[in-house]
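Some notes on the structure that comes next.
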Amino acid sequence: MHNTATPYQPADVFGVATASGSAPRAFISPQRYVQGLGVLDRLGEFIGLVGSTNVALLASSRAQEIEGARAERALTSAGVASRFATFGGQCTLDEVDAHVDRFRDSAVDVIVALGGGKCVDTGKAVAHRLGLPVVVVPTLASNDAPCSALSVMYRTDGTSTGVEFYPNSPALVLVDTGIIASAPERFLVSGMGDAMATWYEARVAIENPSGFSSIRGRPTIAAAAIGEACATTLFEHGVGAAAAVAAGTVDPSLEDVVEANTLLSGLGFESGGLAAAHGVAQSCNAVAQVHANYLHGEMVAFGLITQLVMEGRESEAGRVAEFFCSVGLPVHLRHLSLSPTDTDALTVIADGTVDFPTTPNMPMRVDRSLVLSAFATAHRIGTAAVSDLGDDAYRKIHT
């Protein structure tokens with residue numbers, strides 16, 4: 001039997017109608033966000049702000065081996081007791097249940113999730129079921145999971161089963177940019193694909209009077225401003241940040257892009273809204289060769305070009321495609337191991353996009369034919385960008 005959490009949907013709090021009949025504006029965020037070179041060594045100090053004296057550190061075997069000793073030393077030096085739990089690799093109900101059972105009768109008062117996106121999401125799910133705060137220490141800047149009050153749940157084969165929403169955001173997000181700089185460049189670049197979509201999807205939700213954010217409220221001005229700043233930061237500093245990671249160094253460009261990928265994107269998507277770019281990305285997972293070989297942000301990148309085409313913003317799609325070329329993100333179908341003539345695979349993705357919960361934020365009726373037509377145009381735009389700029393950056397991180 002699964003340790004199911006108390007049923008919660010964001011509409012329970014944020015989506016209730018106001019007197020005018022529309023959802024209220026809503027904005028949520030972590031209580032604290034700390035980022036910088038070496039901040040993992042101050043984990044105990046920052047955990048003290050949460051009021052913890054006994055933490056459970058949920059981490060993958062790799063993270064335990066590489067960062068675990070540093071985290072444990074930081075906690076011990078601050079008088080905080082800790083115990084490790086090993087994350088199994090997928091954010092499944094069974095994985096969550098195992099950790100809930102492990103910690104239910106312990107003295108643990110905070111869950112610390114140390115790892116990538118799926119480890120982070122598992123930590124949030126465990127903490128919610130136990131009624132504990134969660135502290136997130138991401139080891140990658142490949143997606144915007146760390147700051148959100150939700151978890152994407154999976155089956156053991158890696159296919160998604162849906163999303164769980166939580167009434168509380170993380171108590172603390174602690175991002176050590178030295179750890180991010182030591183990870184493969186591809187992860188940071190993938191995070192740029194996910195983050196770049198933040199502004200363009202939030203803009204759709206804002207401009208649509210019936211649009212809604214990921215917490216089922218109307219997007220806020222703050223979320224829109226954060227989303228736009230996220231895109232601006234990536235355009236200005238994305239290439240430099242990728243170069244810093246390739247060299248294993250931390251510089252101002254990397255600091256800016258890590259903040260964009262993690263904080264700005266996290267706040268912007270959750271309180272701003274998603275649209276068709278994520279519909280395309282999530283639906284790509286239904287095609288085996290895409291699911292097995294590409295990261296979430298890489299799928300979002302092509303999804304964003306497709307969304308802009310659907311909006312009739314082809315010049316913007318071209319600008320985005322050129323940026324993606326410069327950092328190594330997919331810009332056409334073949335970059336995702338898809339053929340423009342593979343009608344079966346493209347139809348599966350198109351149908352999934354039509355049915356995706358955030359696609360109705362789009363300003364037009366989205367059907368299969370519109371999505372398939374947009375795929376063709378997006379592929380043409382991406383191919384043109386590669387013709388002009390080359391795809392050396394893509395080939396460098398995908399070999």
Side-chain angles (χ1 to χ4, degrees), residues 143-144 190-214 219 223-224 227-228 230-232 234-235 265 268-270 272-287 290 294-325 327 329-333 335-336 338 340 346-385:
N143 57 63
D144 48 24
S190 176
M192 293 188 214
D194 196 21
M196 183 60 82
T198 304
W199 161 236
Y200 298 100
E201 291 187 284
R203 182 177 65 184
V204 166
I206 292 163
E207 293 180 351
N208 180 352
S210 300
F212 55 86
S213 70
S214 298
E228 189 169 17
C230 182
T232 299
L234 295 173
F235 279 125
S265 182
F269 100 80
E270 195 166 32
L274 300 176
H278 269 76
V280 172
Q282 291 300 102
S283 301
C284 280
N285 285 303
V287 179
V290 184
Y294 298 93
L295 301 172
H296 172 70
E298 294 171 338
M299 301 179 212
V300 175
F302 183 74
L304 174 55
I305 298 170
T306 301
Q307 175 187 304
L308 289 169
V309 169
M310 292 167 66
E311 294 180 71
R313 301 177 188 265
E314 292 191 19
S315 62
E316 281 189 272
R319 182 190 181 205
V320 168
E322 289 175 357
F323 170 76
F324 288 165
C325 276
V327 294
L329 283 161
V331 297
H332 56 60
L333 290 167
H335 275 169
L336 290 173
L338 291 166
L346 296 181
T347 298
V348 166
I349 300 170
D351 288 346
T353 302
V354 170
D355 293 336
F356 195 70
T358 62
T359 298
N361 276 340
M362 295 293 287
M364 75 293 289
R365 179 177 177 271
V366 177
D367 57 21
R368 177 192 292 176
S369 63
L370 176 64
V371 180
L372 290 173
S373 174
F375 284 164
T377 303
H379 178 73
R380 175 182 57 76
I381 290 171
T383 300

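In what follows, residues are counted from 1 in the order of the sequence shown.
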Discussion item. Apply side chain to side chain donor-acceptor pair (under 3.5 Å) to residues Thr198 and Ser265 and explain how you reach the verdict.
Written reply: CA-CA 6 Å; Thr198 304; Ser265 182; 2.9 Å; yes

Worksheet entry | side-chain contact (heavy atoms from CB on, under 4.5 Å) evaluation trace for Asp355 with Thr359 | CA-CA 7 Å; Asp355 293 336; Thr359 298; over 6 Å; no

Item to complete: Apply side-chain contact (heavy atoms from CB on, under 4.5 Å) to Met299 and Gln282, showing your working.
Response: CA-CA 8 Å; Met299 301 179 212; Gln282 291 300 102; over 6 Å; no

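- The side-chain heavy atoms of Asp367 and Val371, taken from C-beta on, include no pair separated by under 4.5 Å.
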Discussion item. Under the criterion side-chain contact (heavy atoms from CB on, under 4.5 Å), I'd like the reasoning laid out for Phe302 against Val331: C-alpha separation, chi angles, the key distance, then a yes or no.
Written reply: CA-CA 6 Å; Phe302 183 74; Val331 297; over 6 Å; no

Worksheet item: Is there a side-chain contact (heavy atoms from CB on, under 4.5 Å) between Ser214 and Phe269 once you walk through the steps?
Response: CA-CA 7 Å; Ser214 298; Phe269 100 80; 3.5 Å; yes

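- Donor-acceptor pairing under 3.5 Å is lacking for the side chains of Asn285 and His296.
- Judged purely by atom type and a 3.5 angstrom limit, Ser213 has no side-chain atom pairing as donor or acceptor with the backbone of Gly272.
- Remark: aromatic rings of His379 and His335 are distant, center separation not under 6.0 Å.
- Between Leu370 atom CG and Phe375 atom CZ the span is 10.0 Å, to the nearest 0.5 Å.
- Residue Pro330 comes nearest to Phe324 through the heavy atom pair O-CD1, 4.3 Å, listed as atom of the first residue, atom of the second, then distance.
- Between Asp351 atom CG and Ser283 atom OG the span is 9.0 Å, to the nearest 0.5 Å.
- Rounding to the nearest 0.5 Å gives a distance of 11.0 Å between OG1 of Thr377 and CG of Leu372.
- Side-chain contact between Gln307 and Val280 is absent, with no heavy-atom pair separated by less than 4.5 Å.
- Side chain of Asn208 to main chain of Asn361: a donor-acceptor pair is present (N/O by atom type, distance under 3.5 Å, no hydrogens or angles).
- The CG atom of Leu329 sits 9.0 Å away from atom CE of Met196, with the distance rounded to the nearest 0.5 Å.
- When all heavy atoms of Val290 and Leu336 are compared, the closest pair comes out as CG2-O, 3.4 Å.
- The distance from the CH2 atom of Trp199 to the CG atom of Leu234 is 14.0 Å, given to the nearest 0.5 Å.
- Glu201 contributes no side-chain N or O that, together with a main-chain N or O of Leu274, makes up a donor-acceptor pair within less than 3.5 Å.
- Taking the six-membered ring where the residue is Trp, Phe323 and Phe235 present perpendicular rings, their angle passing 60° and hence far from 30°.
- Residue Ala276 comes nearest to Thr353 through the heavy atom pair O-CG2, 4.3 Å, listed as atom of the first residue, atom of the second, then distance.
- Residues Arg319 and Glu314 are not paired through a salt bridge, judged by the lack of any N-O separation under 4.0 Å between the basic side chain and the carboxylate.
- The two residues Gly211 and Pro219 make their nearest non-hydrogen contact at O-CD, 4.1 Å.
- Residues Thr306 and Ala374 come closest through the heavy atom pair CG2-CB, 3.7 Å.
- Residue Ile349 holds its CD1 atom at 12.5 Å from CZ of Arg368, rounded to the nearest 0.5 Å.
- Checked against side-chain contact (heavy atoms from CB on, under 4.5 Å), Glu207 has the following partners two or more places apart in sequence or in another chain: Arg203, Arg313.
- Closest approach of Ala275 and Val204 over heavy atoms only: CB-CG1, 4.0 Å.
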